[in-house]
Amino acid sequence: MSSITRILLILLAIGGGLVYNQLQQLWGDVPPPTLDAQQWWGKDASPKDYDVYLASTSKVLESRLVYPKSTIDELRQQLNRTLRLTPPLNGVGFRYGFNSDYLKELVAYWRDDYLPRWREREEFLWQFNHFTTEIQGLSTHFLHLKVKDEDKVGKQHYALLLLHGWPGSVREFYEFSHLLHQTKLDPTNKYIFDVIVPSLPGYGWSQGSARTGLGPAQMTVILHNLMLRLGYNKFFIHGGDVGTIVGSHMATLYPENVLGFHSNMCTNLSPKSQVKAWLANLWPSLFVSKELEDFFFPKAKEASFMIEESGYFHLQATKPDTIGSALSNNPVGLAAYILEKFSTWTNASYRALPDGGLTQRYTLDALFDNVMIYYLTNSITTSQRLYAESYSNAQRALNLERVPTAVPTGCARFKGDLMQFLDIQLQDKFKNLIHSTYYRRGGHFAALEGPKVLYDDFIEFVKKVERKFNIKTL
Ligand SMILES: *[C@@H]1O[C@H](CO)[C@@H](O)[C@H](O)[C@H]1NC(C)=O
Ligand SMILES: *[C@@H]1O[C@H](CO)[C@@H](O)[C@H](O)[C@H]1NC(C)=O
């Protein structure tokens, strides 16, 4: 080798090393940040003595929230005003957004069918025990289904935290919770769960922050405090939508408490994962079997779908309070804004239908239960602020997407969902991705749309965790 070649090689090695180093800084793994478990989000000044505060407010109160008749009557009257809607374009279905002809029908249903039966809906909603407890200055609401001692006999008994998303609520999990918490003992079913279903801070009956900065990472801290307060040191997590982000952060920040993380929308939005997806797009068959290619590719199609469908996202990430004022003062608009998502995110082809296919996979009662939760708690604005907090510089600086977690992870993919991630993308983050499944039927709201399919998938995941890891029942 001539000395020139040698020098060139050395320079190349140094150059390569530098490039590698730069890339690692851009996209390598990073260690987990430490978050303050006592960070204060309340309206009032933070307590001087946190131990005194904890002793006085950490009680869990049973809360059965019954709304006065006047609240429901007032809503009926609001829905009885002449609707100022613009007729839809001919044959447009849901492609320009919620079809206003169908919206008129739905408002009539809401006013004349659903609301007169509100007591019955209320009984349905309160069929599980609702609780509130104050955490870090915020009143936090949750459902808590506890297994009775006699029902545990002969069963594998674990705790499970269920995390809903936007524009959903605890209502997404009612049917799913029944399956998890079967009290009618089915001898073939080995599993039974204590189920804890919080309303995320700022959602439903959980108070929203009075201060900026309560993003998904900080929600994780609050919910971790909740689980510890309830006495659960080891638990499974399942989440969808925003709940999947919070669940993933929980598995990342508190791996010692999480037995397994299961999601119906596993994501990894790190720069490295994005690059991988677009490279895989060049030669899909190298990364996924032929019959599953259409879940992921072509990426350009998925990207253009995301642009068409993510206008709400940009609004909420930048000016949540403006859109919030429009929706808080207008129940008709609120219903349209929320329910449009239950159409398109369930199945993009429903955009062609005059009724958005809303009743193909859901009952109107279930959909309006969810709308009612937003309406009664006036939480649309606080729920939307989560998007602004998710994309703040402070949240991004935590770099949680790049912190790997060893918690066993299971990912169920439903074809109708908004985005799909390949195993090779998810594995950067989830080092123990032990369960990865595909469903041709179903979309973004899997728990509400197909509770039994999701339940079976979740149980398969739990069995794998039991086989590979040494976990203890409660
Ligand atoms: C709606 O308005 C009509 C006409 O003003 C009235 O007859 C009806 O009772 C109202 N319905 C409700 C639910 O308020
Ligand atoms: C979407 O709806 C169409 C028409 O009903 C159906 O053929 C397709 O399987 C659905 N897709 C999903 C993901 O459910």
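Residues: numbered from 1 along the sequence shown. If you're wondering where the values come from, they're calculated on a predicted model, not measured in any experiment. Remember, it's 1-based here, ligands and their atoms both numbered in the order they're listed.
Residue-ligand proximity, R441 to ligand 2, at heavy-atom distances under 4.0 Å covers atoms 14 (O). Within ligand 1, counting atoms from 1 as listed, the ones closer than 4.0 Å to a heavy atom of R76 are 13 (C). Close approach of ligand 2 to G416 (heavy-atom distance below 4.0 Å) involves ligand atoms 13 (C).
The shortest contact between atom 13 (C) of ligand 2 and any protein heavy atom is with R440 O, 3.1 Å. Shortest contact from atom 8 (C) of ligand 2 to any protein heavy atom: N347 ND2, 3.8 Å. Shortest contact from atom 14 (O) of ligand 1 to any protein heavy atom: N80 ND2, 3.2 Å. Looking at atom 4 (C) of ligand 2, its nearest protein heavy atom turns out to be S349 OG, 4.2 Å.
Within 6.0 Å of the NZ atom in K431, the count of heavy atoms belonging to other residues, nucleotides or ligands exceeds 12.
Using a 4.0 Å threshold on non-hydrogen atoms, atom 11 (N) of ligand 1 counts as touching the protein. For atom 1 (C) of ligand 1, the protein comes within 4.0 Å by at least one heavy atom.
Salt bridge annotation for R413-D423: present, with a cationic side-chain nitrogen under 4.0 angstrom from a carboxylate oxygen.
Side-chain polar atoms of D321 and T381 form no donor-acceptor pair below 3.5 angstrom. Side-chain atoms of Q207 and S139 include no donor-acceptor pair closer than 3.5 Å. A donor-acceptor pair shorter than 3.5 Å cannot be found between the side chains of Y174 and D369. At a cut-off of 3.5 Å, with distance as the only test, a side-chain donor of S349 or N347 sits close to an acceptor on the other residue.
Not close to ligand 2: R361, with no non-hydrogen atom less than 4.0 angstrom away.
Classification of the W205-H130 ring pair by plane angle, with boundaries at 30° and 60°, yields perpendicular. Under the 30°/60° scheme for interplanar angles, the aromatic rings of H262 and H435 are found to be tilted.
Between G442 and ligand 2, a contact under 3.5 Å exists for at least one N or O pair.
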